[in-house]
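Below, read A as the first sequence line, B as the second, and so on, with proteins coming before strands; counting in each chain starts at 1.
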Amino acid sequence: MTPYLDPKSHLASLLEQALLQVAADSMPLIELDRPKQASHGDYACNVAMQLSKAMKRNPRELAQAVIAALPASTLLEKAEIAGPGFINLFLKPAAWQGLAAHALEQGAAFGGGNVGRGEKVQIEFVSANPTGPLHVGHGRGAAFGASLANVLKLAGYDVQREYYVNDAGRQMDILALSTWLRYLELCGELVAFPGNAYQGDYVKSMAAAIHALHQTRYQRTAIEVAQGVPDAGEDAEGHLDALIANAKRLLGPDYAYIHGYALEEQLGDTRNDLTEFGVTFDTWFSEKTLHESGLIDRAVEQMKQHGHVYEQNGALWFRSTAFGDEKDRVVRRENGIYTYFAADIAYHINKFERGFSRVLDVWGADHHGYIPRVKGALSAAGLDADRLTVALVQFAVLYRNGQKASMSTRSGQYVTLRELRGEVGNDAARFFYVLRKSEQHLDFDLDLAKSQSNDNPVYYIQYAHARICSVMNSWGGVERDLLDADSGLLREPQELALLRRLAEFPETVNAAARELSPHVIAYYLKDLAADLHGLYVACRFLDVDEPLKQARLLLIAATRRVLRDGLGVLGVSAPEKM
RNA sequence: GCCCCCGUAGCUCAGUGGAUAGAGCAUCCCCCUCCUAAGGGGAGGGUCACACGUUCGAUUCGUGUCGGGGGCACCA
């Protein structure tokens, strides 16, 4: 079997040799792209038009000169001048025929692009506060981040996935308080439950569990709890903070138990939910450890040494305006407590110190104003902020009965990721989440997603895979034996179209990695499935002459492999039967 | 007020500094004696929001305008 030669790089090298003769002085970048129309060849090159101005020559004339200088090649059928000066290159079928065996032989390595070069990359995503179940908004970040991590891995990066656990902030205190108040209700204490505390039933469940385990051990009287607390109607947040302060004072060391219980419970739930969704992490990084280990002090000190921190009104400020932010930011409040921002600075400095050449954060689009601040802080600490890339994911807006549904965790009125998965299935959920590019708002129509509709694109792709499996199972042979098939017999238009499509997979993976856009994989798979279905209807596989049968089975075996790997990147299963 | 995203077919959305701008859904017409019809083939449907600029060439890049969504805490 002749070794497979990538047609694109082959053509690029032919053109380069030709250009050395025609335009050695002003070698342009050689661009080869796939024309939309088959009549324009397999690849088109616009180099003549780019050169025409510098060389003061008519582009069509230049193109003619380039074509005349092209070295002989067994793979090139012909080269034509077209339109204003395109060079359209037509390849012989032989250029593609070897692809099937090549792809099958390479296996998982076939999709492996080359942009990554083993570079260490960290991707942090989801990182939702562990204060309640994940909702459908978190689901998009989870699906996007996990798919992107897979894309990067396939493209040759050394990827680490991390979840930042906000276990130290006010939100956790509110959850602990909410749980305790529900617990007090079970103890028979008449305490008003604040409207801005966590309303969800899971809070009551945790309270009931604590009550069952410890009975009235954490009971305090309603009067003590409400002591000195401002009226909720006048100052709702102050009301909450005063209740938290009372809880800490009244419970003493026991407060840590309630807090810890709620945290473990919710984090465990989140972890299970994500694992079931096919989303896993290598590390779970605790915000609390930043406070305890003194990393925040160190981070602020580091910025101070570079002269970017000052004191005003008793608070410590970071001069972020010096780094393009619109106003300076507080890092340590008047009350001596560090802000969330300060912890985040320490966290990002820590990420850099862990040896990643690139750090990727996946954030909700509402955090966009936060980017200059964090980047500025990294610069202020003397680090290269360009190593941090923030991928913003727009909101997934949920529609129920044609109406927007609320997704606030505190109000308790949201559709959980778990509910969504249960209703539409993991495959459809994962696929739909990444079908839109991340900058695009995602309208998730629950009713539509719930209805088991047949026009579902994920089924279309899975069906292509199942169809191949069906043929392969009827055949019953060993896949590896097909590698010796005579692929020169693959001449039908549908066969060649499929071969060309398969050849695009590695460059598609590279593009998806470069653009941080897993959705291009989804669109590629739709195209690949369409080519397979086209072939399936046009050609028979099993009841043809043995050599042709082998060649066609080789082709669909390679296609199956790419379908499976591609779906795997998106976290979608590739069923053998449907 | 400032900042971010979006504006492409009736709908939901891809896409590209190039040659006739695509897909799915919806509408209409055709294709199972045959390895899965959850499939295939065809038809209709467009001022790529608008204006100006950069360019040999702009739907793509830049600026502005209009429209939709989101964000601008000593919250996290």
Quiz item: At under 4.0 Å, does any side-chain N or O of A:Lys577 touch on OP1 or OP2 of B:rC35?
Solution: no

Quiz prompt | A:Tyr523 or A:Gly314, whichever maps to the more 5' nucleotide of RNA chain B | solution = A:Tyr523

Quiz item: Out of B:rA38, B:rC75, B:rG68, which nucleotide sits closest to the side chain of A:His441?
Solution: B:rG68

Quiz item: Closest to the A:Arg436 side chain: B:rC74, B:rC35, B:rA14?
Solution: B:rA14

Exercise. Could you please name the option among B:rC74, B:rG39, B:rA76 that lies closest to any side-chain atom of A:Tyr340?
Key: B:rA76

Quiz item: From B:rC13, B:rG71, B:rG40, pick the nucleotide closest to the side chain of A:His368?
Solution: B:rG71

Exercise. Using the closest heavy atom to pick a nucleotide of RNA chain B for each, name whichever of A:Gly369 or A:Glu287 lands nearer the 5' end.
Key: A:Gly369

Quiz item: Hey, does A:Tyr370 reach any base, or is it just sugar-phosphate, or nothing, if we go heavy atoms under 4.0 Å?
Solution: base

Exercise. Counting heavy atoms from C-beta on, name the nucleotide in B:rG39, B:rC34, B:rC6 closest to the side chain of A:Glu439.
Key: B:rC6

Quiz item: Looking at B:rC35, B:rC13, B:rA73, which one has an atom nearest to any side-chain atom of A:Arg329?
Solution: B:rA73

Practice problem: Side chain of A:Tyr463 only, please: which of B:rG71, B:rA38, B:rA76 is the nearest? | Solution: B:rA38

Practice problem: Determine, using ring centers only, whether A:Phe505 and A:Tyr524 are less than 6.0 Å apart. | Solution: yes

Quiz item: Can B:rC31 be described as syn, meaning its chi torsion is within 90° of 0, or is it anti?
Solution: anti

Quiz prompt | Out of B:rC2, B:rC74, B:rG40, whichever nucleotide has its closest atom nearest the side chain of A:Asn313 | solution = B:rC74

Quiz item: Between A:Tyr338 and B:rA76, does any side-chain N or O lie under 4.0 Å from OP1 or OP2?
Solution: no

Quiz item: Would you say B:rG15 has OP1 or OP2 under 4.0 Å from some side-chain N or O of A:His519?
Solution: yes

Quiz item: Quick one: is A:Arg333 getting a side-chain N or O under 4.0 Å of the B:rA76 phosphate, OP1 or OP2?
Solution: yes

Practice problem: Give a yes/no answer on whether the side chain of A:Lys437 brings an N or O atom under 4.0 Å of OP1 or OP2 in B:rG15. | Solution: yes

Which pairs, protein N/O on one side and nucleotides 55-60 of chain B N/O on the other, fall under 3.5 Å?
unit_1 : atom_1 : unit_2  : atom_2 : d
B:rC56 : OP1    : A:Lys53 : NZ     : 2.3

Exercise. Could you tell me which nucleotide pairs with B:rC66 by Watson-Crick or G-U wobble geometry, both distances under 3.5 Å, or answer none if nothing does?
Key: B:rG7

Practice problem: Without swapping roles, check the side chain of A:Arg329 against the backbone of A:Lys327 for a donor-acceptor pair under 3.5 Å. | Solution: yes

Self-check item: Under 3.5 Å on both distances, the Watson-Crick or G-U partner of B:rC32
Solution: none

Quiz item: Which part of the nucleic acid, if any, lies within contact of A:Tyr536, taking any heavy atom under 4.0 Å across all strands shown: a base, the sugar-phosphate backbone alone, or nothing?
Solution: base

Quiz prompt | Nucleotide opposite B:rG57 in a Watson-Crick or G-U pair, distances under 3.5 Å | solution = none

Quiz item: Can you tell which of B:rG71, B:rA14, B:rC74 lies closest to the side chain of A:Asp366?
Solution: B:rG71

Self-check item: Contact under 4.0 Å: A:Arg552 side-chain N or O vs B:rC35 OP1/OP2
Solution: no

Listing time: all N or O pairs from protein to nucleotides 41-43 of chain B that are below 3.5 Å?
none

Quiz item: So which nucleotide does B:rG45 pair with, by the Watson-Crick or G-U wobble rule with both distances under 3.5 Å?
Solution: none

In residues 362-376 of chain A, what donor-acceptor pairs under 3.5 Å come from side-chain atoms, sequence neighbours left out?
unit_1   : atom_1 : unit_2   : atom_2 : d
A:Tyr370 : OH     : A:Asp344 : OD2    : 3.2
A:Lys375 : NZ     : A:Leu388 : O      : 3.0

Self-check item: A:Lys549 side chain near A:Trp475 side chain, heavy-atom distance below 4.5 Å
Solution: yes

Self-check item: Per A:His40 side chain, nearest of listed nucleotides B:rC5, B:rC2, B:rA19
Solution: B:rA19

Quiz item: Is there a Watson-Crick or G-U wobble partner for B:rG1 with both distances under 3.5 Å, and if so, which one is it?
Solution: B:rC72

Quiz item: If only side-chain N and O atoms of A:Arg467 are considered, is one of them under 4.0 Å from the OP1 or OP2 phosphate oxygen of B:rA37?
Solution: yes

